Structures are given as structure tokens and as C-alpha cells.
Amino acid sequence: MSITPDTRVDLDRFWSTIEASGEIGKGRPGGLSRLTLGDADRDMRDLFRSWCEEAGLSIEVDAAGNIFGRRDGTDNDLPPILIGSHLDTQINGGRFDGIAGVLAGLEVIRSLNDAGHVTKRPIVVVDWTNEEGARFSPPMVASGCFVGKYDIDWVHDLIGDDGARFGDELERIGYNGERACKAGEIDAYYELHIEQGPILDAENRQVGIVTGGYPVRGMRASFKGQTSHTGPTPMDLRKNALAAGARWLTAVDDIGWDFAVHDGKATAARLTAWPNKPGILSDTAEAVCDVRHPDPITTRAMAEKMRRALFESAARCGCEAQIEDEWEWGGDIFDHEMIDGIRDEAVRMGFNWRDIESQAGHDAYFLATHCPTAMIFAPCENGITHNNEENCTPEDFVAGLNILLHAVVKRADR
């Protein structure tokens, strides 16, 4: 028995895993709130592991909590192919973001088992920890650590909004693994994901072939002011860190509008302050912003405006500002040979496809710095995502799942 050109995944079986996932960590009606390393995340991890074991996979967990389910090939000395995404969600998340990608990898394995097909290369299904960054910032931290972007001790020392320490929570839920969080040689990485945008749905396309990502630049900045009474303190003597952060976020939002006509976007994502109470000015604040644009030169120009606005906003409020962290990703980062292989399968199977760029961040961005990487997008209703009304139908995944299966098998049998 073997995978043939007519082999298709079991859509009902895949959908049953989506529905089972949707019962763990329920948030607002129809959605999920399964934050990284919480009890619900543990329960979902346990279920995923049991599915992997039932499919005959060997399980390893690394020091960042990443889960690897490995199916041996006929030549296990060859570098493996990885398929993955994430099982954690936003605080008001949907049932498909990230989750569909992990469970798609599982369905590839199950389909290979059904066909009795053993690939030449090993195939590994991965659940990356903390892709969303909704509890521990920054996002995509564990895949970043895996490829050497972050140090594991730094990751373990991250503190969540609830005061919890990343490493302590890994221990608490039983997922502080023995494997080092370090990538070895990898032949290729595939990630299936919902588009998280409206293009495929609006054009009635069955699948998107991801050719690259919008260049993104972001930063986390802190503001230092001084507490004082909100009543008698004269305006010219105030050092209100909360106001400085708010001015910066508003300025960054304006940058997005200035470049919106050519699909530029700027996001004022987060503002925290202390004491953040009535009657007293806040003496510390922290804010997170980012900018993105399809043209990398324009993205750099927007980022420079964002940087300038940071220090202008602080000075206007009599405060000091400091950049605590900066990041950038996107661009022409995905492997052209893999993209061609995915496109060939879409054409061969007669699906209605289009090339598309990713406008969000994904674990695949970090993997692309280490090994050949490609992404496949499935449509989602009206592009609604990071919202409990995020919605897909089983039919939305038909093309992506079957293209993934055949693209992976061809690569794995090389």
C-alpha cells in the first residue's frame, strides 16, 4: 500500500479533532481562551499527546515545552520534515488559529498510516509553545528559542501578566522537557494556517499559497516619570508616564493611517502603567507598537517615524523613554522550491488557489531562518480572527489539507 495521486485525507476525522479541541479552554461563546501554560493548555497538550501516541508517534518535549511527535522513516539518518503550529490561543481567541495547523500535521500522519506508506525521511508534528504571547511576551518565543533567537534561561524567566514565571508554569503543568530547545538539521518545515484575513473568502478561493510575509518592525518601550498629586501639580511640572505612553500609541496609530492607502498598518497594541490609579500620576509605563507594509523600504520609513514619535512623546510629557526590545520579521523568507511544490499540487488537484502574502506573525517566520520553510493558508469567514467569532467550515480545509499531505510526502520521499 502507498500514497497515490488520488489519496485524500479523512476530513471527518480531522474535523473531529477540531471539535474536541474546541471543548478545552472555552472563552466567549464559540471561542477559546486557552492561554499558554495554563490548565486548559495542559489539558489540550495531554490530548494531543494521546492522539500522537495512538498514531504510533514517539514523543519528545523540550525545555521550552515544545512537543514533537516523530514518525520514523526508512532512513532515519536523513534530516526530518517538520509540520507544526500552536495550540495556545488569544484571551479572546477562535477555534482554528494555530490549532488547525497542528491537527493538520496529525492528519497527515494518520493518512500515511491508513495508506501503509512509510516515507524515506522522518516526519515530526510540532506544537510550539506560546506563539500568541497572550500571557508571556513576546509572542513566538519558543520557536524563536528553538532556532537560537532567544536563550532558554531568558525564556524561563519571563513573567506573565498574572505574575507567573514561564519556567515555573512549565514545571507545574508537567511540560518542562528534557530535550534541549535547540534545532538540529531539518530538511523542511511546513505550516498550514487560516489566512486571518478576508482575501481568500472574498475571492471564493479554496487555498492560498504563501509567498512571503509583510515586513514588520515592532518595539516595546518603557517610560519613566514621577508620581505626584493630580490636583495641585502644575502642568509644567508633571511627569506623567501614562500620558507619554498614550501619546506614543496615538502617534503610531496616525502613522498607520498615513500609509493606509497602500495597505500600510500600524498597531498600538498594549499600554500598562503604574500606579495607574485615580489621584496620582503614573511614574512608569510600558507600551508595545508595530508597523508593517508590503514594501520593506516603506516599512523601514514607518519604523523610523515610530522611533522618532517615541522620544517626542516622552519629551512632551517630561518623561524619559527607553527601547526595551525590538523585532522584525517578514519579507521574502519562504523557500521558493517548496512554494512551487505546493502550487504544483494545487494545480494538479484542481483547486481554486492564489498566491498570497502573510500579514500576521507565525512560528514559520523563525523556522525560515533555520531551514527551508513554506506556509499554506485556508480561508476563514470574513477574515475574522483573534475573536470568538472566528469561523471556518470543514470544506475550508479540504484543499489545504490535501495539498499539505502530498507536498510533504513528495518532499519526504526524496
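A quick note: this is a predicted structure, and the numbers were derived from the prediction, not measured.
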Exercise. Looking at F366 versus W128, is the centre-to-centre ring distance below 6.0 Å?
Worked result: no
Exercise. Quick check, are the ring centers of W51 and F14 under 6.0 angstrom apart?
Worked result: no
For this session: Assign the ring pair H86 / H193 to parallel, tilted or perpendicular, where the plane angle (0 to 90°) is split at 30° and 60°.
Result: tilted
Seminar exercise, completed: What one should report as the nearest heavy-atom pair of C380 and C392 is CB-SG, 3.6 Å
For this session: State, with a plain yes or no, whether a side-chain heavy atom of T129 is found less than 4.5 Å away from one of R45.
Result: yes
Exercise. Where does the angle between the aromatic ring planes of W327 and W329 fall among parallel (under 30°), tilted (30 to 60°) and perpendicular (over 60°)?
Worked result: parallel
For this session: May I ask you to decide whether D114 forms a salt bridge with R13, counting only side-chain N to carboxylate O separations under 4.0 Å?
Result: yes
For this session: Kindly indicate, with the supporting measurements, whether the criterion side chain to side chain donor-acceptor pair (under 3.5 Å) is fulfilled by N113 and R71.
Result: CA-CA 10 Å; N113 290 347; R71 186 180 195 263; 3.1 Å; yes
Problem set entry | Atom CH2 of W257: over 12 foreign heavy atoms under 6.0 Å | no
Exercise. Is there side-chain contact between E191 and I376, with heavy atoms separated by less than 4.5 Å?
Worked result: no
Exercise. Do E390 and R95 meet the salt-bridge criterion of a basic N to acidic O distance under 4.0 Å?
Worked result: no
For this session: State whether E326 and R217 are salt-bridged, where the test is any N-O pair (Lys NZ or Arg NE/NH1/NH2 against Asp/Glu carboxylate O) under 4.0 Å.
Result: no
Seminar exercise, completed: Output for pair (C289 SG, L310 CG), nearest 0.5 Å, gives 8.5 Å
For this session: Check whether any side-chain heavy atom of L37 lies under 4.5 Å from a side-chain heavy atom of F166, and answer yes or no.
Result: yes
For this session: For T393 and D396, test the side chains for any donor-to-acceptor distance below 3.5 angstrom and give the result as yes or no.
Result: yes
Problem set entry | pair Y175-E169: side-chain heavy atoms closer than 4.5 Å | no
For this session: Taking the side chain as every heavy atom from C-beta outward, state whether R270 and S137 have any atom pair closer than 4.5 Å.
Result: no
Exercise. Is the closest basic N to carboxylate O distance between E337 and R414 below 4.0 Å?
Worked result: yes
For this session: Mark yes when over 12 heavy atoms from residues, nucleotides or ligands other than Q359 sit less than 6.0 Å from its CD; otherwise mark no.
Result: yes
Exercise. Are the side chains of R354 and L200 in touch, meaning some heavy atoms are under 4.5 Å apart?
Worked result: yes
Exercise. Is any side-chain heavy atom of E107 closer than 4.5 Å to a side-chain heavy atom of L404?
Worked result: no
For this session: Apply the test salt bridge (charged side-chain N to carboxylate O under 4.0 Å, His left out) to residues D290 and R292: give CA-CA distance (whole Å), side-chain angles for both, the deciding distance (0.1 Å), then the verdict.
Result: CA-CA 7 Å; D290 68 63; R292 64 193 72 198; 3.1 Å; yes
Exercise. Any side-chain heavy-atom pair from E131 and P139 closer than 4.5 angstrom?
Worked result: no
Exercise. Which pair of non-hydrogen atoms, one from C52 and one from I59, has the smallest distance, and what is that distance?
Worked result: CB-CD1, 3.4 Å
Exercise. When you look at W15 and F96, which way does the ring-ring contact (aromatic ring centres under 6.0 Å, His included) test go after all the steps?
Worked result: CA-CA 11 Å; W15 194 253; F96 306 96; 5.7 Å; yes
Problem set entry | Derivation of the side chain to side chain donor-acceptor pair (under 3.5 Å) call for D97 and Q196 | CA-CA 8 Å; D97 173 6; Q196 298 185 288; 3.1 Å; yes
For this session: Begin with the C-alpha distance, continue with both residues' side-chain angles, and end with the deciding distance and a verdict on ring-ring contact (aromatic ring centres under 6.0 Å, His included) for F146 and F68.
Result: CA-CA 12 Å; F146 183 71; F68 304 87; 5.6 Å; yes
